[in-house]
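Here is the naming used below: chain letters follow the sequence lines, and residue numbers restart at 1 for every chain. Everything numeric in this text was worked out from a predicted model, so none of it was measured.
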Amino acid sequence: SQKIEQNSEALNIQEGKTATLTCNYTNYSPAYLQWYRQDPGRGPVFLLLIRENEKEKRKERLKVTFDTTLKQSLFHITASQPADSATYLCAVSGGYQKVTFGTGTKLQVIP
Amino acid sequence: NAGVTQTPKFQVLKTGQSMTLQCAQDMNHNSMYWYRQDPGMGLRLIYYSASEGTTDKGEVPNGYNVSRLNKREFSLRLESAAPSQTSVYFCASSLPTETDTQYFGPGTRLTVL
């Protein structure tokens, strides 16, 4: 069955460092991979989308990579700040199939 | 422009009671969705509606019904609530594109005793 895996353990990093979150998928060939941010008690908010023919996408301090051979996406936040602390969800989609979400990774940026 | 709104924010039900969760969006999106989010399980799709007048089952539809009242509104009904339906429910909407980028509401936290 299709599976989206994110590290279920929380990631703690020091302010100013680069946070790297991993998303692996199996039994799926998505055309798109999306990343969302979710704060406690709120709905997820869309951050970035990368297409299967794109290797890398950037938006301000965010960078996403998409390796269709490894079936993996990496999400980087450079110069991390305490305000970046949240849970980050990856999601795969494509070909008008419904979006499938991972369970999310909780990021804590320590001042 | 409120985006996606959901009511109520919190609800406590007894086993066997029924209730309807309301969702509305003002972004003129065609597609709307209902998800539930449980610890360790992630977001799971309950039902979706690709356009006004159509609804389809998602991954976990048992125990739920939906109504796409018009383009703006998509409601989720629990006919006979069970403790297993204790969860946080999110409504979302999207444009009818291949990317299916989702815009979420604030959620409803439901407890079934």
[Y] reachable from [X] in the ILVMFWY side-chain graph, under 4.5 Å edges:
| X | Y | value |
| --- | --- | --- |
| A:Y88 | A:L62 | yes |
| A:Y28 | A:L74 | no |
| B:V88 | B:V66 | no |
| A:I77 | A:F66 | yes |
| B:Y48 | B:V4 | no |

Heavy-atom closest pair, residues A:G43 and B:F90
CA-CE2, 3.3 Å
Where is the tightest heavy-atom contact between A:F101 and B:Q102, given as atom of each residue plus distance?
CZ-CG, 4.1 Å
Which atoms of A:L89 are under 4.5 Å from chain B, going by heavy atoms: the side chain, the backbone, both sets, or neither?
side chain
Going by residue number, which parts of residues 45-56 of chain A are within reach of chain B, meaning a heavy-atom gap below 4.5 Å?
A:F46, A:L49, A:R51
Sort by residue number and list every member of residues 102-111 of chain A having a non-hydrogen atom under 4.5 Å from chain B.
A:G102, A:T103
A quick test of your reading: do over 12 heavy atoms of other residues, nucleotides or ligands sit less than 6.0 Å from CZ of A:R42?
no
So with a 6.0 Å cut-off around CD of A:Q14, is the heavy-atom count from everything else above 12?
yes
Against chain A, residues from residues 8-37 of chain B with at least one heavy atom under 4.5 Å, in numeric order, are B:Y33, B:Y35, B:Q37
Enumerate by number any residue of residues 104-113 of chain B whose heavy atoms lie under 4.5 Å from heavy atoms of chain A; in the absence of such residues, state 'none'.
B:F104, B:G105, B:P106
A:Y36 and B:T101, any side-chain heavy atoms less than 4.5 Å apart
yes
Please classify the contact of B:L45 with chain A as side chain, backbone, both or neither, using a heavy-atom distance under 4.5 Å.
side chain
